[in-house]
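Down below is the structure, laid out as C-alpha coordinates.
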Amino acid sequence: MKIKFVLSVLLLLLLSISYSYSQDANQRNETNETANQGVLINGQTLVGAANNFQSSYGASTRFVNPPTRIEGSIYLYDKWTNYAIVETKDRKRFSINNVNLNLRRNRIISKIGQDSLFIFNMEKVNKIIIDGKSFKRIDSEVGGRIFELLFESDDVSILKFHKVKLIESSANPMVNRKTDRFVKKESLFAYQDGKVFDFKLRKKDVLKLITSNETEESKLIEYYTKNKLSYKSIKDLRQVLSSINTI
(Lines give C-alpha, C1' and ligand atoms only; values in the text may rest on other atoms or scores of the structure.)
Protein backbone atom coordinates (compact mmCIF):
# COMPACT_ATOMS: atom_id res chain seq x y z
CA MET A 1 0.00 0.00 0.00
CA LYS A 2 2.82 2.40 0.87
CA ILE A 3 4.51 1.73 -2.47
CA LYS A 4 1.28 2.44 -4.39
CA PHE A 5 0.77 5.64 -2.39
CA VAL A 6 4.31 6.85 -3.12
CA LEU A 7 3.90 6.08 -6.84
CA SER A 8 0.63 8.00 -6.92
CA VAL A 9 2.26 11.06 -5.33
CA LEU A 10 5.17 10.95 -7.80
CA LEU A 11 2.74 10.70 -10.72
CA LEU A 12 0.82 13.77 -9.53
CA LEU A 13 4.07 15.75 -9.16
CA LEU A 14 5.18 14.86 -12.70
CA LEU A 15 1.80 15.89 -14.13
CA SER A 16 1.96 19.18 -12.22
CA ILE A 17 5.49 19.95 -13.47
CA SER A 18 4.54 19.07 -17.06
CA TYR A 19 1.48 21.36 -16.91
CA SER A 20 3.49 24.26 -15.47
CA TYR A 21 6.19 23.90 -18.16
CA SER A 22 3.50 23.86 -20.85
CA GLN A 23 1.91 27.02 -19.46
CA ASP A 24 5.28 28.83 -19.32
CA ALA A 25 6.07 27.83 -22.91
CA ASN A 26 2.71 29.12 -24.12
CA GLN A 27 3.23 32.41 -22.31
CA ARG A 28 6.69 32.81 -23.87
CA ASN A 29 5.28 32.15 -27.35
CA GLU A 30 2.50 34.70 -26.82
CA THR A 31 5.03 37.27 -25.63
CA ASN A 32 7.26 36.70 -28.69
CA GLU A 33 4.30 37.00 -31.06
CA THR A 34 3.27 40.28 -29.45
CA ALA A 35 6.83 41.66 -29.64
CA ASN A 36 7.08 40.80 -33.34
CA GLN A 37 4.07 43.00 -34.04
CA GLY A 38 5.73 46.12 -32.63
CA VAL A 39 9.07 47.87 -32.94
CA LEU A 40 12.02 45.52 -32.69
CA ILE A 41 14.75 46.46 -30.26
CA ASN A 42 18.08 47.50 -31.67
CA GLY A 43 19.85 44.58 -30.01
CA GLN A 44 18.35 42.07 -32.42
CA THR A 45 20.97 41.74 -35.16
CA LEU A 46 20.09 41.58 -38.80
CA VAL A 47 21.96 38.28 -39.05
CA GLY A 48 19.35 36.74 -36.80
CA ALA A 49 16.61 38.60 -38.60
CA ALA A 50 17.76 37.16 -41.92
CA ASN A 51 17.27 33.67 -40.52
CA ASN A 52 13.98 34.49 -38.80
CA PHE A 53 10.72 36.13 -39.87
CA GLN A 54 12.44 39.14 -41.49
CA SER A 55 14.29 37.09 -44.10
CA SER A 56 12.39 38.73 -46.96
CA TYR A 57 13.73 42.17 -46.00
CA GLY A 58 17.22 41.40 -47.32
CA ALA A 59 20.18 39.06 -47.23
CA SER A 60 23.68 38.98 -45.78
CA THR A 61 26.85 38.83 -47.86
CA ARG A 62 30.63 38.98 -47.38
CA PHE A 63 32.93 41.63 -48.81
CA VAL A 64 36.67 42.16 -49.21
CA ASN A 65 38.28 45.58 -49.28
CA PRO A 66 40.12 46.27 -52.58
CA PRO A 67 43.92 46.16 -52.36
CA THR A 68 44.42 49.39 -54.31
CA ARG A 69 44.19 52.75 -52.54
CA ILE A 70 41.47 55.09 -53.78
CA GLU A 71 40.73 58.42 -52.14
CA GLY A 72 37.16 59.06 -51.05
CA SER A 73 34.38 56.54 -50.47
CA ILE A 74 31.55 54.84 -52.35
CA TYR A 75 29.30 55.36 -49.30
CA LEU A 76 27.09 58.36 -48.62
CA TYR A 77 28.12 58.63 -44.97
CA ASP A 78 31.71 58.65 -43.79
CA LYS A 79 30.78 56.87 -40.56
CA TRP A 80 28.79 53.68 -39.97
CA THR A 81 27.18 54.65 -36.68
CA ASN A 82 24.10 56.06 -38.40
CA TYR A 83 20.80 55.57 -36.58
CA ALA A 84 17.98 54.38 -38.81
CA ILE A 85 14.33 53.42 -38.59
CA VAL A 86 13.21 50.77 -41.09
CA GLU A 87 9.53 50.82 -42.10
CA THR A 88 8.49 47.70 -43.99
CA LYS A 89 5.61 47.34 -46.41
CA ASP A 90 3.94 44.83 -44.10
CA ARG A 91 3.79 47.55 -41.39
CA LYS A 92 6.67 46.50 -39.17
CA ARG A 93 9.25 48.91 -37.79
CA PHE A 94 12.67 48.32 -36.30
CA SER A 95 15.75 50.38 -35.53
CA ILE A 96 19.42 49.84 -36.30
CA ASN A 97 22.51 52.02 -35.91
CA ASN A 98 24.96 50.83 -38.56
CA VAL A 99 23.38 51.76 -41.91
CA ASN A 100 24.85 53.35 -45.03
CA LEU A 101 24.02 53.92 -48.70
CA ASN A 102 26.29 52.34 -51.30
CA LEU A 103 26.32 55.02 -54.00
CA ARG A 104 27.98 52.85 -56.61
CA ARG A 105 25.38 50.08 -56.41
CA ASN A 106 22.49 52.23 -55.12
CA ARG A 107 21.79 49.90 -52.20
CA ILE A 108 21.10 50.52 -48.53
CA ILE A 109 23.20 48.21 -46.39
CA SER A 110 24.05 47.49 -42.78
CA LYS A 111 27.50 46.42 -41.58
CA ILE A 112 26.85 43.37 -39.44
CA GLY A 113 30.43 42.15 -39.07
CA GLN A 114 34.04 42.95 -39.84
CA ASP A 115 33.63 41.56 -43.36
CA SER A 116 29.86 41.05 -43.62
CA LEU A 117 27.05 43.24 -44.92
CA PHE A 118 23.26 43.00 -44.84
CA ILE A 119 21.68 44.26 -48.10
CA PHE A 120 18.12 45.51 -47.72
CA ASN A 121 15.51 44.31 -50.19
CA MET A 122 13.86 47.66 -50.91
CA GLU A 123 10.95 45.96 -52.67
CA LYS A 124 9.87 44.81 -49.20
CA VAL A 125 10.76 48.07 -47.43
CA ASN A 126 8.56 51.14 -47.62
CA LYS A 127 11.06 53.64 -46.26
CA ILE A 128 14.33 53.86 -44.34
CA ILE A 129 14.92 56.99 -42.27
CA ILE A 130 18.65 57.56 -41.68
CA ASP A 131 19.52 60.33 -39.20
CA GLY A 132 16.28 62.13 -40.05
CA LYS A 133 16.56 61.74 -43.86
CA SER A 134 14.08 59.46 -45.63
CA PHE A 135 15.15 57.08 -48.41
CA LYS A 136 12.80 55.13 -50.62
CA ARG A 137 12.85 53.00 -53.75
CA ILE A 138 10.86 54.66 -56.54
CA ASP A 139 9.76 52.55 -59.49
CA SER A 140 9.18 54.27 -62.83
CA GLU A 141 9.58 53.68 -66.54
CA VAL A 142 13.39 53.88 -66.16
CA GLY A 143 13.45 51.19 -63.46
CA GLY A 144 13.70 51.21 -59.66
CA ARG A 145 16.18 53.44 -57.85
CA ILE A 146 16.67 54.57 -54.27
CA PHE A 147 16.14 58.30 -53.74
CA GLU A 148 16.24 60.62 -50.78
CA LEU A 149 12.77 62.07 -50.23
CA LEU A 150 12.87 65.86 -49.95
CA PHE A 151 9.07 66.09 -50.18
CA GLU A 152 6.42 63.43 -50.61
CA SER A 153 2.69 63.62 -51.31
CA ASP A 154 0.08 61.73 -53.32
CA ASP A 155 0.35 64.29 -56.14
CA VAL A 156 4.07 65.01 -56.42
CA SER A 157 7.37 64.13 -54.76
CA ILE A 158 10.73 65.92 -54.87
CA LEU A 159 13.66 63.51 -54.92
CA LYS A 160 17.42 63.70 -54.55
CA PHE A 161 19.58 61.07 -56.21
CA HIS A 162 23.02 60.41 -54.72
CA LYS A 163 25.76 58.87 -56.82
CA VAL A 164 29.54 58.61 -56.98
CA LYS A 165 31.97 59.06 -59.88
CA LEU A 166 35.45 57.58 -60.14
CA ILE A 167 38.04 60.14 -61.21
CA GLU A 168 41.12 58.30 -62.43
CA SER A 169 44.66 59.38 -61.67
CA SER A 170 46.76 61.16 -64.24
CA ALA A 171 50.49 61.12 -64.98
CA ASN A 172 50.23 64.69 -66.26
CA PRO A 173 52.01 66.94 -63.71
CA MET A 174 49.72 69.83 -64.70
CA VAL A 175 46.67 67.85 -63.50
CA ASN A 176 48.22 67.00 -60.11
CA ARG A 177 46.13 63.85 -59.61
CA LYS A 178 48.38 61.07 -58.33
CA THR A 179 45.68 58.63 -57.18
CA ASP A 180 42.18 57.60 -58.21
CA ARG A 181 39.40 59.16 -56.16
CA PHE A 182 35.65 58.91 -55.70
CA VAL A 183 33.65 62.12 -56.03
CA LYS A 184 30.11 62.28 -54.65
CA LYS A 185 27.44 63.96 -56.76
CA GLU A 186 23.73 64.61 -56.35
CA SER A 187 20.89 65.70 -58.60
CA LEU A 188 17.22 66.56 -58.17
CA PHE A 189 14.24 64.81 -59.71
CA ALA A 190 10.48 65.08 -59.46
CA TYR A 191 8.03 62.17 -59.35
CA GLN A 192 4.56 62.76 -60.76
CA ASP A 193 1.95 60.55 -62.46
CA GLY A 194 4.22 57.52 -62.19
CA LYS A 195 7.13 59.23 -63.94
CA VAL A 196 10.53 60.39 -62.68
CA PHE A 197 12.03 63.38 -64.50
CA ASP A 198 14.82 65.93 -64.10
CA PHE A 199 14.03 68.87 -61.87
CA LYS A 200 15.96 71.98 -60.91
CA LEU A 201 15.27 74.58 -58.24
CA ARG A 202 14.42 77.40 -60.63
CA LYS A 203 11.31 79.36 -61.49
CA LYS A 204 10.73 77.65 -64.83
CA ASP A 205 10.70 74.13 -63.40
CA VAL A 206 8.67 75.03 -60.31
CA LEU A 207 5.90 76.64 -62.37
CA LYS A 208 5.81 73.75 -64.81
CA LEU A 209 5.63 71.20 -61.99
CA ILE A 210 2.82 72.85 -60.02
CA THR A 211 0.67 74.83 -62.44
CA SER A 212 -1.33 73.76 -65.50
CA ASN A 213 -2.64 77.09 -66.82
CA GLU A 214 -1.92 80.83 -66.81
CA THR A 215 -4.34 81.56 -63.96
CA GLU A 216 -2.65 79.06 -61.63
CA GLU A 217 0.76 80.34 -62.73
CA SER A 218 -0.15 83.93 -61.85
CA LYS A 219 -1.43 82.91 -58.41
CA LEU A 220 1.74 80.94 -57.69
CA ILE A 221 4.02 83.80 -58.73
CA GLU A 222 2.00 86.14 -56.53
CA TYR A 223 2.31 83.72 -53.60
CA TYR A 224 6.09 83.54 -54.00
CA THR A 225 6.35 87.34 -54.21
CA LYS A 226 3.97 88.06 -51.33
CA ASN A 227 5.72 85.64 -48.96
CA LYS A 228 9.22 86.61 -50.15
CA LEU A 229 10.05 83.04 -51.14
CA SER A 230 12.89 81.88 -53.35
CA TYR A 231 12.51 79.48 -56.26
CA LYS A 232 16.01 78.19 -55.45
CA SER A 233 15.11 77.12 -51.91
CA ILE A 234 13.94 73.56 -51.22
CA LYS A 235 12.58 74.76 -47.87
CA ASP A 236 10.37 77.33 -49.62
CA LEU A 237 9.26 74.77 -52.20
CA ARG A 238 8.19 72.43 -49.40
CA GLN A 239 6.11 75.24 -47.92
CA VAL A 240 4.44 75.86 -51.28
CA LEU A 241 3.69 72.19 -51.96
CA SER A 242 2.33 71.71 -48.44
CA SER A 243 -0.14 74.58 -48.84
CA ILE A 244 -0.83 74.31 -52.57
CA ASN A 245 -4.57 73.77 -52.04
CA THR A 246 -4.90 77.14 -50.31
CA ILE A 247 -2.98 79.21 -52.88
Side-chain angles (χ1 to χ4, degrees), residues 39-40 46 54 56-58 73-110 118-164 184-203 205-211 220 224 229-247:
V39 179
L40 303 179
L46 289 174
Q54 298 158 10
S56 62
Y57 302 150
S73 171
I74 63 172
Y75 298 107
L76 178 61
Y77 297 98
D78 295 328
K79 58 187 179 70
W80 280 89
T81 54
N82 304 301
Y83 179 78
I85 296 292
V86 181
E87 298 180 357
T88 68
K89 290 186 177 180
D90 55 356
R91 297 186 179 181
K92 291 186 176 68
R93 299 176 76 243
F94 57 94
S95 64
I96 46 180
N97 57 8
N98 52 1
V99 174
N100 218 321
L101 174 63
N102 185 319
L103 303 178
R104 209 171 191 186
R105 297 183 177 276
N106 189 230
R107 292 178 177 176
I108 294 181
I109 59 180
S110 175
F118 182 91
I119 304 172
F120 282 95
N121 179 5
M122 296 303 290
E123 293 183 357
K124 301 292 184 179
V125 174
N126 179 49
K127 185 187 301 182
I128 296 183
I129 306 169
I130 307 174
D131 288 344
K133 295 182 178 180
S134 297
F135 294 85
K136 186 174 186 176
R137 173 189 164 107
I138 302 292
D139 294 309
S140 67
E141 73 283 356
V142 297
R145 288 194 290 178
I146 298 174
F147 295 91
E148 178 187 346
L149 296 173
L150 301 181
F151 178 85
E152 184 181 28
S153 72
D154 294 335
D155 298 322
V156 62
S157 296
I158 306 300
L159 316 170
K160 180 185 288 187
F161 185 71
H162 297 271
K163 61 183 179 180
V164 67
K184 297 174 185 177
K185 295 182 176 294
E186 56 187 42
S187 49
L188 293 184
F189 291 87
Y191 178 68
Q192 193 174 48
D193 299 328
K195 296 181 179 180
V196 173
F197 49 90
D198 293 334
F199 178 80
K200 289 182 173 58
L201 285 172
R202 59 186 181 183
K203 183 177 181 179
D205 285 17
V206 171
L207 294 178
K208 183 179 179 180
L209 179 69
I210 301 177
T211 65
L220 185 60
Y224 262 90
L229 304 179
S230 171
Y231 293 99
K232 297 181 179 181
S233 168
I234 185 62
K235 179 182 178 181
D236 291 350
L237 179 58
R238 285 197 193 101
Q239 176 182 329
V240 171
L241 293 173
S242 298
S243 55
I244 192 65
N245 294 327
T246 61
I247 296 178

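Values below: every heavy atom of this structure, side chains too, minus hydrogens, waters and symmetry copies.
Counting non-hydrogen atoms of other residues, nucleotides and ligands closer than 6.0 Å to CZ of Arg238 gives a total above 12. Atom NZ of Lys160 sits in a crowded spot, with more than 12 heavy atoms from other residues, nucleotides or ligands closer than 6.0 Å. Within 6.0 Å of NZ on Lys79 lie more than 12 heavy atoms contributed by other residues, nucleotides or ligands.
Separating the NZ atom in Lys127 from the NZ atom in Lys89 is a distance of 12.0 Å, to the nearest 0.5 Å. Between Leu220 atom CG and Ile247 atom CD1 the span is 5.5 Å, to the nearest 0.5 Å. The CD1 atom of Ile138 lies 6.0 Å from the CG atom of Leu149; values are rounded to the nearest 0.5 Å. The distance from the OG atom of Ser157 to the CG atom of Asp154 is 8.5 Å, given to the nearest 0.5 Å. Taken from CG in Leu237 to CD1 in Ile210, the straight-line distance is 5.5 Å, to the nearest 0.5 Å.
Judged by distance alone, with hydrogens and angles left aside, the side-chain atoms of Asn126 form no donor-acceptor pair with the main-chain N or O of Glu87 at under 3.5 Å. Side-chain atoms of Lys184 come within 3.5 Å of backbone atoms of Leu76 as a donor-acceptor pair (strictly under, hydrogens ignored). Remark: side-chain polar atoms of Asp205 are paired, donor with acceptor, to backbone N or O of Lys200 under 3.5 angstrom. A donor-acceptor distance shorter than 3.5 angstrom exists from the side chain of Asn100 to the backbone of Tyr77, with no hydrogens or angles considered.
Between Ser140 and Lys195 the shortest side-chain heavy-atom distance does not fall below 4.5 Å. Here the side chains of Glu148 and Glu186 are not in contact, with every heavy-atom distance at 4.5 Å or above. Leu150 places a side-chain heavy atom less than 4.5 Å from the side chain of Leu188. No side-chain heavy atom of Ile128 sits less than 4.5 Å from a side-chain heavy atom of Ile96. The closest side-chain heavy-atom distance from Ile109 to Val99 is not below 4.5 Å. Contact check for Arg145 versus Leu159: no side-chain heavy atoms found under the 4.5 Å cut-off. Residues Gln192 and Phe199 are not in side-chain contact: their nearest non-hydrogen atoms beyond the backbone lie 4.5 Å or more apart.
The minimum heavy-atom distance between Ile85 and Ser95, with the atom names listed, is CD1-CB, 3.7 Å. Summarising the geometry of Asp236 relative to Ser230, their closest heavy-atom pair is OD2-N, 2.8 Å, with the distance given to 0.1 Å. Heavy-atom minimum distance, Leu101 versus Arg107: CD1-O, 3.4 Å. Residues Gly144 and Asp139 approach most closely at CA-OD1, 3.3 Å, considering heavy atoms. Residues Ala190 and Leu209 come closest through the heavy atom pair CB-CD1, 3.9 Å. The heavy-atom pair separating Tyr224 from Val206 by the smallest distance is OH-CG1, 3.7 Å.
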Is there a side chain to side chain donor-acceptor pair (under 3.5 Å) between Ser110 and Asn98? Walk through the geometry before answering. CA-CA 5 Å; Ser110 175; Asn98 52 1; 2.6 Å; yes
Taking it one step at a time, do Tyr191 and Lys136 satisfy side-chain contact (heavy atoms from CB on, under 4.5 Å)? CA-CA 12 Å; Tyr191 178 68; Lys136 186 174 186 176; over 6 Å; no
Output, in order, the C-alpha distance, side-chain angles, deciding distance and verdict of side chain to side chain donor-acceptor pair (under 3.5 Å) for Thr88 and Asp90. CA-CA 5 Å; Thr88 68; Asp90 55 356; 2.4 Å; yes
Going through the distances and angles, do Asp131 and Tyr83 end up as a side-chain contact (heavy atoms from CB on, under 4.5 Å)? CA-CA 6 Å; Asp131 288 344; Tyr83 179 78; 3.9 Å; yes
Evaluate the criterion side-chain contact (heavy atoms from CB on, under 4.5 Å) for residue pair Leu201 and Ile158; output intermediate values, then yes/no. CA-CA 10 Å; Leu201 285 172; Ile158 306 300; 6.0 Å; no
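Here the two rings, on Phe120 and Phe118, have centers that are under 6.0 Å apart.
Using cut-offs of 30° and 60° on the angle between ring planes, the pair Phe161 and Phe189 is perpendicular.
Glu123 has a carboxylate O that lies under 4.0 Å from a charged side-chain N of Arg137, or vice versa, which qualifies the two as a salt bridge.
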